[in-house]
Amino acid sequence: MKDNYLAELNEPQRAAVTHINGPLMIVAGAGSGKTKVLTTRIAHLLRNGVDAFNILSLTFTNKAAKEMKERVERILGSSEARNLYIGTFHSVFARLLRAEATKLGYPSDFTIYDSDDAKSVIKTILNDLNLDDKHYKPNLVYGRISAAKNSLMSPEEYQHDHAVQQEDMRANRPMIGQIYDAYAKRCFKNGAMDFDDLLYKMYLLLKHFPDVLHKYQHKFKYIMIDEYQDTNPAQYEIIKLLGAAHENICVVGDDAQSIYSFRGATIQNILQFEKDYEDTKVVKLEQNYRSTKSILNVANEVIGNNKGQIPKNLWTDNTEGEKIKLVRTMTDNEEGKFVADTIAEQKLRNHYANRDFCILYRTNAQSRSFEESLRRMNIPYRIFGGISFYQRKEIKDFLSYLRVISNTRDEENIKRIINYPVRGIGKTTIEKTMVFANEHNMTFWDVLVRAREFGFKGGTLEAIDGFVTMIQSFQAMAQQNHNAYDVAIAVGKSTGIVKELFNDKTTEGLARYENIQELLNSIKEFTETPTEDGELLEKSLGTYLQQISLLTDADNGNDENSDQVKLMTIHAAKGLEFPVVFNVGLEESLFPSSMSINTREELEEERRLFYVAVTRAKSRLFITYANSRYRFGNLVQNEPSRFLDEMPEKYLDRSYAGGGVRNAFGGSGNSGWGNSNNMFDRKKTPATTPQSTTSQRPAPKPAVVATNHVPSPNFTPDDPATMEPGMEVEHQKFGFGTITAMEGAMHNRIATVVFPKAGGEKKIMLNYAKLMIVKK
DNA sequence: AATACTCCAATTTTT
DNA sequence: TTGGAGTATT
């Protein structure tokens, strides 16, 4: 380990690093070297005799956890770091919960539901309770349940809490308490926890099992929390419990960057820390190493409009830098053009690479105009956020199999796959099974296993038995020491999913096939990566599932070295920095969002978000806003954002003319209409080479499927009864094909036909679609 | 079973 | 405008 590690730190940084025992709060301004302090402190602890096994370090993202681990390892120059417990709140708690699951009545292979899973459970419950999902919007209900868990409120407490009930009554949604109750029971029955449960159940575990609490209090003698300003009450209480014995709690955060209150975070946690823990040592990191003076000054001025902050004075030794360029365009499309032009120009003038630029917006929906203009200029880019890999339908379907194999209690996932691929288990059968399961207080799966006893017959019984046998054979595989990859391959083969997707030659089908391959590859990679802590069965299916349930695509193919302009929401940009930043869409109702201007608290959070956006920039910052933009299909006019008025004029340059010659005068007041001559450039030029997009994005727009078959002039349908496999037939739309199979009774014949020119295998119901026999 | 349609809603989202 | 969900059509 390096000896001079303390010498590389400034005064307050060193103070933070060398404080070993007792509560410590590090207030770390943007760009003040927070991660460096955290990692160095861990190294310092180890050097001073603390055992790595006794250190717990919690972050919010996998990425942050990974980076921390790597940096500690680098400082130490040894593998001692792998004994540290570094991870996200969710992944660390999931692991502990897995170890103690039986105490709470959960299987140790419990499934983790993401928010889509959770919402679909809520939908079925709304159905059961005969509630209207227009009024009880699943999203909203989920939000209420999530908020309840994040503030450690059980369904019973929720239903008996006066204030909460009042609130629901006023919103005319009195049933949310019951829905919460049913939801919690359903999840438990399914052996599943949602993201919030990972915190809530962890709290319950520590609260109700003193021996468990004692065990972990003694294991985790030193606790570090990153991004403390974004913790919620559940996380707060857990930390309090875990840290109670030693109070060696070190929190790091910046109240000015608290931007997740809508996810339950309370800024109070950091504001109150000193009061919560006596003798707290407070260290403020106020020197910024990231940005120019201009950028930092603007940020400081703007955030100064917020009340109730921890007083601090962020400063920098960096150069003055250029003024902030404030640019107004007439439309959102022009805004896109301006940014793309400017990127091209800056690359030439200041020798930037694509990866030096980042475009930051308030909402994902704003990305479109930038995508278009970047594509038109052939500038490679990558969009972060949006639909994640693991949310794609084909991926979820496939993972459902794996989840069911590892936890058959999970009714939701069974229902997802029981008839995918189609195997003749329809709605009626599923409903019957559900009724039986309820009546006999059994799981859905157990009813399937004993289908014969429940009176299922004939083809249905056969289909169910086939499904059960198949799943059981996978389970047997998983238990016989086959690793996750072997099982996954078997699933792909036996279910026919891989083959089915392979045969689908449409563009989307191809993308789906590739996604599945990518998934299989990632499973393979998982099984082949050496285990970190040498735990047994580490490559099992269960471990794999546990891990990926907590993964987001930000953690995935984040190739730092790929040279692409980055596009993301401001939320997604927290913790990152870029030489040149474009902060776009600075308009009232967009930013600040019209949803968040009703209370002072909401508005202040928007302002913090703006602060985060500004402080991402190292040397150049462009802020743009459009006079009018399309929103939900119609052109709307927006006033310039109020935040623009909060930036002192002396740091601004309103005359930047961009890469081309375009209107760039400004004035946050009403400086009249522009002299733009491209006001009408809405018309879409066809996108040129989409070479720059990435696999992160959903599949490219489907090309027109080649189904434009012109039927033969003598086309006359033939009698379905005479058709047999092997015959060549013609379909009015799909063209010529070969029958590979026939099924169904006389009055409802179904032919499986391979159409080489129209996307491969299709099932044709002969009652409706007509076929003509070409060759017997 | 697959498709074609109609209608409706629409922040941010570390896990 | 987009996308999803639900319904109707073949």
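Below, chain A is the first sequence line, B the second, and so on; all start at residue 1. Everything numeric here is computed off the predicted structure, so don't read it as measured data.
- Taking side-chain N and O atoms only, A/Asn62 has a distance below 4.0 Å to OP1 or OP2 of B/dT15.
- If A/Asn419 and A/Phe89 are placed on DNA chain B by their nearest nucleotide, the residue sitting closer to the 5' end is A/Asn419.
- Sequence order on DNA chain B of the closest nucleotides to A/Gly424 and A/Lys137 puts A/Gly424 first from the 5' end.
- Counting heavy atoms from C-beta outward, A/Phe93 and A/Leu58 have side chains that approach closer than 4.5 Å.
- The nearest whole Å value for the distance from the NZ atom in A/Lys574 to the P atom in B/dT14 is 11 Å.
- Here B/dT15 presents its P atom at 16 Å from CD1 of A/Ile86, a figure rounded to the nearest Å.
- You'll find that the side chain of A/Asp230 is closest to B/dT14, out of B/dT15, B/dT14, B/dT12.
- Ion pairing of A/Arg608 with A/Glu605 is present here, as a side-chain N (NZ or NE/NH1/NH2) and a carboxylate O approach within less than 4.0 Å.
- Picking from B/dT11, B/dT15, B/dA1 the nucleotide with the shortest atom distance to the side chain of A/Thr88 gives B/dT15.
- Atom C1' of nucleotide B/dT11 and atom CZ of A/Arg631 are separated by 8 Å, given to the nearest angstrom.
- Looking at residues two or more places apart in sequence or on another chain, you find no side-chain hydrogen bond (donor to acceptor under 3.5 Å, both in side chains) involving A/Asn232.
- Residue contacts shown for A/Asn364 are limited to sugar-phosphate atoms, with no base heavy atom under 4.0 Å away.
- Of the candidate nucleotides B/dT11, B/dT13, C/dG6, B/dT11 has the atom nearest to the side chain of A/Ser593.
- Taking atom CD1 on A/Ile225 and atom P on B/dT14, their separation rounds to 20 Å, with Å as the unit.
- Each of B/dT14, B/dA9, B/dT11 was ranked by its minimum atom distance to the side chain of A/Phe60; first place goes to B/dT14.
- Computed from coordinates, the A/Lys427 NZ to C/dG6 P distance equals 10 Å when rounded to whole Å.
- Between A/His571 and A/Ile259 there is a side-chain heavy-atom pair separated by less than 4.5 Å.
- A stacking contact links A/Phe632 to B/dA10: the aromatic ring centre lies within less than 5.5 Å of the base's six-membered ring centre, and the planes differ by less than 30°.
- Between A/Glu372 atom CD and C/dT1 atom C1' there is a gap of 11 Å when expressed in whole angstrom units.
- Nucleic acid contact class of A/Tyr260 (heavy atoms, under 4.0 Å, all strands): base.
- For B/dT12, the base is stacked against the aromatic ring of A/Phe262, per a cut-off of 5.5 Å between centres and 30° between planes.
- When each of B/dT11, B/dT15, C/dA5 is scored by its nearest atom to the side-chain atoms of A/Thr61, the top-ranked nucleotide is B/dT15.
- Heavy atoms of A/Thr569 sit under 4.0 angstrom from primed sugar atoms or phosphate atoms, though from no base atom.
- Syn is the conformation of B/dT11, whose glycosidic angle sits no further than 90° from 0.
- The pair A/Glu67-A/Lys63 does not meet the salt-bridge criterion, since no charged nitrogen lies less than 4.0 angstrom from a carboxylate oxygen.
- Atom pair A/Tyr136:OH and B/dA9:C1' shows a separation of 20 Å (rounding to whole Å applied).
- Applying the side chain to side chain donor-acceptor pair (under 3.5 Å) test between A/Arg416 and each of A/Asp410, A/Asp117, A/Asp397 identifies A/Asp397 as the sole match.
- When each of B/dT15, B/dT12, C/dA5 is scored by its nearest atom to the side-chain atoms of A/Arg362, the top-ranked nucleotide is B/dT12.
- Between A/Lys66 atom NZ and B/dT15 atom P the separation is 13 Å, expressed in whole Å.
- Of the candidates C/dA5, B/dT14, B/dT11, the closest approach to any side-chain atom of A/Thr363 belongs to B/dT11.
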